[in-house]
Amino acid sequence: MRTYHRRAVLGAGIAVAGGGLLAACSGGAATSGHPGHGNSQSAGDGYLAPDGPEVVAAEKARAGSGPVSEVRLTAVEGVVDLGGPTVKTWTYDGELPGKEIRVTAGGTLSATLANHLPQATSAHWHGLALRNDMDGVPGLTQPAIKAGADYAYRFAVARPGTYWFHPHTGVQLDRGLYAPLIVEDPKEPLQYDLEWVVVLDDWVDGVDGSTPDAVLAELTKGASTTAADGSGQSGTDHSGMGGMDGMEGMDGPASGDPAGPSRMLTGATSELLGGDPGDVKYPYYLVNGRTPQAPRGFTAKPGDRIRIRFVNAGGDTAFRVALGGHRMTITHTDGYPVVHAATDALLIGMGERYDVLVTAGDGVFPLVALAEGKDAAALDVLRTGGGTAPTAADRPKELSGQLLQAGDLRPDPSVALRDPGRTPDRTVELRLTGSMANYNWAFDGAAYDPAVRHDVRQGERVRVTIANNTRMWHPLHLHGHTFSLTDGGARKDTAIVLPGRTLSVDLDADNPGLWMIHCHNVYHAEAGMMTVLGYRQ
């Protein structure tokens with residue numbers, strides 16, 4: 001990734017683009033999402049349309065007078081170098097990660113995606129509060145982008161922060177189709193000299209013949225999740241998915257899909273994640289597209305103040321991250337500022353982002369992203385002077401030092417929810433269900449159905465309670481909004497829910513449309529752990 005000098009970033013202001021739950025609220029508040037699977041309605045039955053006048057009005061209110069950043073992306077298949085191993089995969093414009101996009105808050109992003117893949121695809125702009133018809137969810141907010149077709153995304157970008165983009169189609173996210181999206185603040189309050197964008201990933205595609213689709217077939221014992229429209233991608237184009245068979249006795253890839261050896265993770269555990277750390281044993285873990293044996297490296301001077309923007313683009317892996325010889329000061333999570341907090345290490349679930357500040361020491365230092373519970377790690381290197389280069393086996397002491405998580409953080413007063421003591425107008429109750437044995441991950445015991453919506457209305461304060469009734473942790477992501485962890489917690493769009501625990505969050509229903517809530521483990525989502533928050537007319 002590029003090194004951004006603070007002065008250059010502020011001076012430019014341009015785009016760089018690549019060719020436990022609480023009871024229902026009192027006071028007469030509504031409750032949706034009863035046992036079963038929510039409020040089933042036919043598409044468009046009393047709900048706001050993704051391109052309706054309410055969406056247009058919200059976009060107009062969000063729009064600023066900043067510049068329009070023009071971007072063209074091409075989704076292609078080809079060979080990429082992981083720093084020794086070469087793999088055939090899918091990427092944006094042949095780069096891994098895709099070339100980051102930089103835009104200015106208050107401006108507009110105009111991005112055209114050309115699909116040169118053999119399957120339909122899409123682009124979801126993860127973490128942004130944007131207009132609903134630009135959210136990139138086929139079958140819900142847009143049609144799938146067919147092979148050989150283009151699609152034009154155009155939306156106002158109101159808030160600065162660290163975001164990213166990826167497909168919302170099948171298990172394509174677990175290929176190389178992802179890139180950071182950095183929204184610059186023209187009035188940036190942080191003082192720093194350099195930026196280091198760090199994208200973390202777990203990698204299986206193209207290794208010994210493996211593909212994410214073959215991994216999904218193994219996990220589901222070959223149960224079909226193919227789209228009913230025949231587009232060739234898995235069920236995330238939201239045509240609905242059937243039940244999954246059990247996995248007992250399985251010791252290799254599913255019949256009918258010959259790609260690769262078994263990738264099923266067994267016998268692993270993580271105290272931080274409450275037990276099972278994931279489903280997939282990946283052959284590689286990457287920082288900015290490179291294996292630990294060939295890190296890209298980042299160069300600075302002793303004393304430089306560095307802003308590190310962490311993005312977890314993985315499919316099935318939480319990363320415990322530390323920079324050897326340094327303490328980190330957390331400044332943001334999921335794009336929103338927090339009251340600064342010092343730590344040795346971070347735990348970053350799939351889809352989460354954290355920004356930190358470090359003051360660079362003198363020497364050579366390992367940036368280690370431990371694949372939590374999986375006995376492997378990704379590596380990059382900070383160089384400010386002489387010294388012995390770290391190796392893939394290095395585990396700095398900071399990894400076992402102080403570790404802060406989202407629940408330990410408080411929002412900066414500038415982004416705290418207004419009227420934090422306000423009684424919620426509505427409570428949406430969700431249960432996470434399913435098991436590894438049956439691979440039937442779902443909300444409320446039912447696989448994803450785009451016609452099932454959990455009702456909200458414009459202007460409401462909504463409390464969402466998510467009870468994890470499974471033995472697996474899940475990083476839950478809400479599209480188009482941020483929420484506040486209750487009791488004055490940090491603003492987030494993605495949050496970890498541990499097994500047997502309940503997460504309670506509050507949000508303001510201020511962005512009309514139909515919005516996904518789903519597990520950001522791509523294999524859990526594909527098995528059915530997705531649902532919709534729908535604005536009623």
Side-chain angles (χ1 to χ4, degrees), residues 35-37 170-171 173-174 202 204 210-226 234-236 240-283 314-318 349-350 371-375 430-449 452 466-476 496-503 517-531:
H37 53 277
V171 288
L173 165 62
D174 217 21
D202 42 20
V204 70
S210 291
T211 67
D213 293 285
V215 171
L216 179 63
E218 178 183 12
L219 292 170
T220 60
K221 202 176 180 180
S224 175
T225 58
T226 302
S234 305
T236 315
M241 288 166 281
M244 307 298 180
D245 294 330
M247 292 168 52
E248 292 81 356
M250 184 160 190
D251 58 3
S255 60
D257 198 336
S262 173
R263 298 297 183 187
M264 193 178 299
L265 181 69
T266 59
T269 187
S270 164
E271 183 178 349
L272 270 179
L273 297 174
D276 195 337
D279 302 344
V280 184
K281 185 175 178 62
Y282 288 86
D316 178 75
T317 305
M350 296 84 78
E372 179 62 30
K374 295 187 176 183
D375 194 29
L430 303 172
R431 292 182 301 115
L432 305 181
T433 58
S435 69
M436 184 66 184
N438 295 319
Y439 223 78
N440 55 348
W441 306 111
F443 283 93
D444 301 309
Y448 174 69
D449 179 349
V452 174
I466 306 163
N468 185 355
N469 294 345
T470 79
R471 299 176 67 182
M472 177 79 74
W473 71 284
H474 303 281
L476 267 291
I496 291 172
V497 191
L498 294 176
R501 302 285 186 88
T502 300
L503 177 72
I517 307 175
H518 65 94
C519 180
H520 223 277
N521 182 312
V522 69
Y523 298 100
H524 294 182
E526 274 306 285
M529 193 173 272
M530 303 183 290
T531 191

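Along the sequence shown, the residues carry numbers beginning at 1. Note that the structure is a prediction, hence the values are computed from the model and not measured. Just so it is clear, the values below take in all heavy atoms, side chains as well, and ignore hydrogens, waters and symmetry mates.
Taking CZ of Arg263 as the reference point, atom CG of Leu216 lies at 15.0 Å (rounded to 0.5 Å). Taking CG from Leu476 and CD1 from Ile466, the interatomic distance works out to 4.5 Å, rounded to the nearest 0.5 Å. Considering NE2 of His520 and CE of Met350, their distance stands at 8.5 Å, rounded to 0.5 Å. The CG atom of Asn440 sits 11.5 Å away from the OG1 atom of Thr220 when rounded to the nearest 0.5 Å. Atom CD of residue Glu271 and atom CD of residue Glu372 lie 9.5 Å apart, to the nearest 0.5 angstrom. Going from atom CG of Leu173 over to atom CG of Asp316 covers 11.0 Å, rounded to the nearest 0.5 Å.
Here the shortest heavy-atom pairing between Ser270 and Gly373 reads CB-CA, 4.1 Å. Contact between Gly274 and Pro499 at its shortest, heavy atoms only, is O-CG, 3.4 Å. Here the closest non-hydrogen pair linking Ala442 and Ala447 is CB-N, 4.0 Å.
Thr269 has its side chain out of reach of Asp276: every pair of non-hydrogen atoms, C-beta onward, lies at least 4.5 Å apart. Using a 4.5 Å heavy-atom cutoff, the side chains of His474 and Asn521 are not in contact. Annotation: side chain of Tyr439 is in contact with side chain of Tyr523 (closest heavy-atom distance under 4.5 Å). Side-chain contact between Ser435 and Thr470 is absent, with no heavy atoms from C-beta onward closer than 4.5 Å. Residues Pro277 and Leu265 form a side-chain contact, since some pair of their non-hydrogen atoms from C-beta on lies under 4.5 Å apart.
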Quiz item: Taking it one step at a time, do Tyr448 and Phe443 satisfy side chain to side chain contact (heavy atoms under 4.5 Å, CB included)?
Solution: CA-CA 8 Å; Tyr448 174 69; Phe443 283 93; over 6 Å; no
Quiz item: Going through the distances and angles, do Tyr282 and Val215 end up as a side chain to side chain contact (heavy atoms under 4.5 Å, CB included)?
Solution: CA-CA 10 Å; Tyr282 288 86; Val215 171; over 6 Å; no
Quiz item: Does the pair Leu432 and Asn469 meet the rule for a side chain to side chain contact (heavy atoms under 4.5 Å, CB included), with working shown?
Solution: CA-CA 6 Å; Leu432 305 181; Asn469 294 345; 6.0 Å; no
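With Trp473 contributing its side chain and Ile496 its backbone, the two residues share no donor-acceptor pair below 3.5 Å. Between the Asp202 side chain and the Gly315 main chain, a donor and an acceptor come within less than 3.5 Å of each other. Between the side chain of Thr433 and the backbone N or O of Gly445 there is at least one donor-acceptor pair closer than 3.5 Å. With hydrogens and angles disregarded, a donor-acceptor distance shorter than 3.5 Å links the side chain of Asp444 to the backbone of Arg431. A donor-acceptor distance shorter than 3.5 angstrom exists from the side chain of Asn468 to the backbone of Leu498, with no hydrogens or angles considered.
Results of the side chain to side chain contact (heavy atoms under 4.5 Å, CB included) test with Asp279 over Glu218, Met264, His524 single out His524 as the only residue that passes.
Of the N and O atoms on the side chains of Asp213 and Thr211, not one donor lies less than 3.5 Å from an acceptor on the other residue.
Partners of Ala371 under the side chain to side chain contact (heavy atoms under 4.5 Å, CB included) rule, at least two apart in sequence or in another chain, are Tyr285, Thr317, Phe319, Lys374. Taking Asp375 as the reference, nothing meets the side chain to side chain contact (heavy atoms under 4.5 Å, CB included) condition, with sequence neighbours excluded.
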